[in-house]
Amino acid sequence: MGKGGRSFTCYKFRTMVINEEADEKQAEENDSRITRTGRWLRKTNLDELPQFVNVLLGQMSIVGPRPHMHADCRQFGRMIPHYKLRNMVKPGITGLAQVNGFHGPAMDYEAISRRYQWDIFTCAMLPPGWMSKS
């Protein structure tokens with residue numbers, strides 16, 4: 001999910017076998033769907049490299065709230081008031097939550113809440129007039 005809650009194709013190197021849960025279930029630690037090469041790509045964060053194409057297309061920025069699957073946005077939105085505010089800016093290849101050590105699956109309220117706090121802080125750091133830009 002991108003800016004304004006719009007869908008977009010987020011480019012990544014494939015790290016999992018094709019599976020029916022890909023759009024609904026987050027990867028877990030030791031997830032059997034992740035390939036051997038995929039583990040290495042994820043560990044080195046090289047799976048994110050194709051997202052620079054999304055930046056060039058204007059769909060993402062380098063730093064911003066990480067994009068989520070629609071299913072995660074719905075789930076997290078039921079847990080955290082005003083969660084959709086994070087969609088007022090372009091998603092980023094990395095975000096302040098990741099820079100501050102919050103990465104991997106967000107499985108509980110505390111993990112989701114902490115990441116959301118960093119996402120909103122990212123939005124607050126943007127210069128005046130950012131909402132009028134696409």
Side-chain angles (χ1 to χ4, degrees):
M1 186 174 292
K3 183 177 177 182
R6 288 184 227 108
S7 293
F8 74 102
T9 299
C10 185
Y11 296 108
K12 293 183 83 166
F13 288 126
R14 178 169 293 286
T15 60
M16 292 185 166
V17 297
I18 296 173
N19 67 89
E20 294 180 6
E21 299 174 312
D23 293 332
E24 298 292 325
K25 182 181 176 188
Q26 291 184 37
E28 299 170 349
E29 192 171 335
N30 300 317
D31 197 314
S32 63
R33 300 173 297 164
I34 302 173
T35 65
R36 189 178 316 160
T37 303
R39 288 193 197 290
W40 180 79
L41 286 169
R42 286 169 174 253
K43 185 176 180 178
T44 60
N45 293 316
L46 289 175
D47 61 321
E48 311 286 352
L49 194 59
Q51 291 175 15
F52 281 100
V53 172
N54 291 109
V55 173
L56 293 173
L57 292 173
Q59 299 165 327
M60 291 180 70
S61 61
I62 294 173
V63 177
R66 290 288 295 136
H68 291 310
M69 298 180 295
H70 286 278
D72 287 343
C73 284
R74 285 190 300 273
Q75 176 189 353
F76 300 161
R78 287 189 294 270
M79 297 171 73
I80 308 288
H82 311 293
Y83 187 79
K84 291 182 180 180
L85 286 174
R86 66 188 301 284
N87 294 331
M88 294 183 71
V89 298
K90 291 178 188 177
I93 294 173
T94 191
L96 291 179
Q98 288 71 33
V99 171
N100 285 285
F102 296 96
H103 41 79
M107 304 307 287
D108 60 23
Y109 176 82
E110 181 70 21
I112 296 164
S113 178
R114 293 286 182 172
R115 291 174 197 211
Y116 174 72
Q117 290 171 356
W118 284 111
D119 290 345
I120 294 305
F121 184 67
T122 302
C123 295
M125 290 178 22
L126 295 169
W130 64 271
M131 287 181 60
S132 61
K133 298 177 183 174
S134 60

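What you see is a predicted model, and the numbers here were worked out from it, not measured in a lab.
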The test is side chain to side chain contact (heavy atoms under 4.5 Å, CB included); show your working for Lys12 and Gln51 and say whether it passes. CA-CA 6 Å; Lys12 293 183 83 166; Gln51 291 175 15; 3.3 Å; yes

Is any side-chain heavy atom of [X] closer than 4.5 Å to a side-chain heavy atom of [Y]?
{"X": "Phe8", "Y": "Pro91", "value": "yes"}
{"X": "Met1", "Y": "His68", "value": "no"}
{"X": "Val89", "Y": "Ser61", "value": "no"}
{"X": "Trp40", "Y": "Leu46", "value": "yes"}

To the nearest 0.5 Å, what is the distance between [atom1] on [X] and [atom2] on [Y]?
{"X": "Gln75", "Y": "Met69", "atom1": "CD", "atom2": "CE", "result": "9.0 Å"}
{"X": "Arg39", "Y": "Asn30", "atom1": "CZ", "atom2": "CG", "result": "6.0 Å"}
{"X": "Arg86", "Y": "Ile120", "atom1": "CZ", "atom2": "CD1", "result": "8.0 Å"}
{"X": "Tyr11", "Y": "Ile93", "atom1": "OH", "atom2": "CD1", "result": "13.5 Å"}
{"X": "Thr35", "Y": "Leu41", "atom1": "OG1", "atom2": "CG", "result": "7.0 Å"}
{"X": "Cys10", "Y": "Gln59", "atom1": "SG", "atom2": "CD", "result": "8.5 Å"}

Around atom CD1 of Ile18, are there more than 12 heavy atoms from other residues, nucleotides or ligands closer than 6.0 Å?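 Not more than 12 within 6.0 Å, no.
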
Does CZ in Arg33 sit with more than 12 non-hydrogen atoms of other residues, nucleotides or ligands closer than 6.0 Å? yes

Check ion pair Glu48-Arg42 (N to O, under 4.0 angstrom): no

Has [X] got a side-chain atom pairing as donor or acceptor with [Y]'s backbone, closer than 3.5 angstrom?
{"X": "Asn100", "Y": "Leu96", "answer": "yes"}
{"X": "Asn54", "Y": "Phe52", "answer": "no"}
{"X": "Lys84", "Y": "Gly5", "answer": "no"}
{"X": "Ser113", "Y": "Tyr109", "answer": "no"}
{"X": "Arg66", "Y": "Gly92", "answer": "yes"}

Between Ile62 and Leu49, is there shared hydrophobic-cluster membership here, with clusters defined by ILVMFWY side-chain heavy atoms closer than 4.5 Å?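 Yes; tracing contacts between hydrophobic side chains, which count when under 4.5 Å, links both residues.
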
Treat each ILVMFWY residue as a node, draw an edge where side-chain heavy atoms are under 4.5 Å apart, and state whether Ile80 and Leu85 are in one component. yes

Looking at [X] and [Y], what are the two nearest heavy atoms and their distance?
{"X": "Arg114", "Y": "Glu110", "value": "NE-OE2, 2.8 Å"}
{"X": "Gly38", "Y": "Ile34", "value": "C-CG2, 3.8 Å"}
{"X": "Val63", "Y": "Gly95", "value": "CG1-CA, 4.5 Å"}

Test side chain to side chain contact (heavy atoms under 4.5 Å, CB included) applied to Met79 and Ile112, step by step: CA-CA 9 Å; Met79 297 171 73; Ile112 296 164; 3.6 Å; yes

Is the distance from the ring center of Tyr83 to that of Tyr116 below 6.0 Å? yes

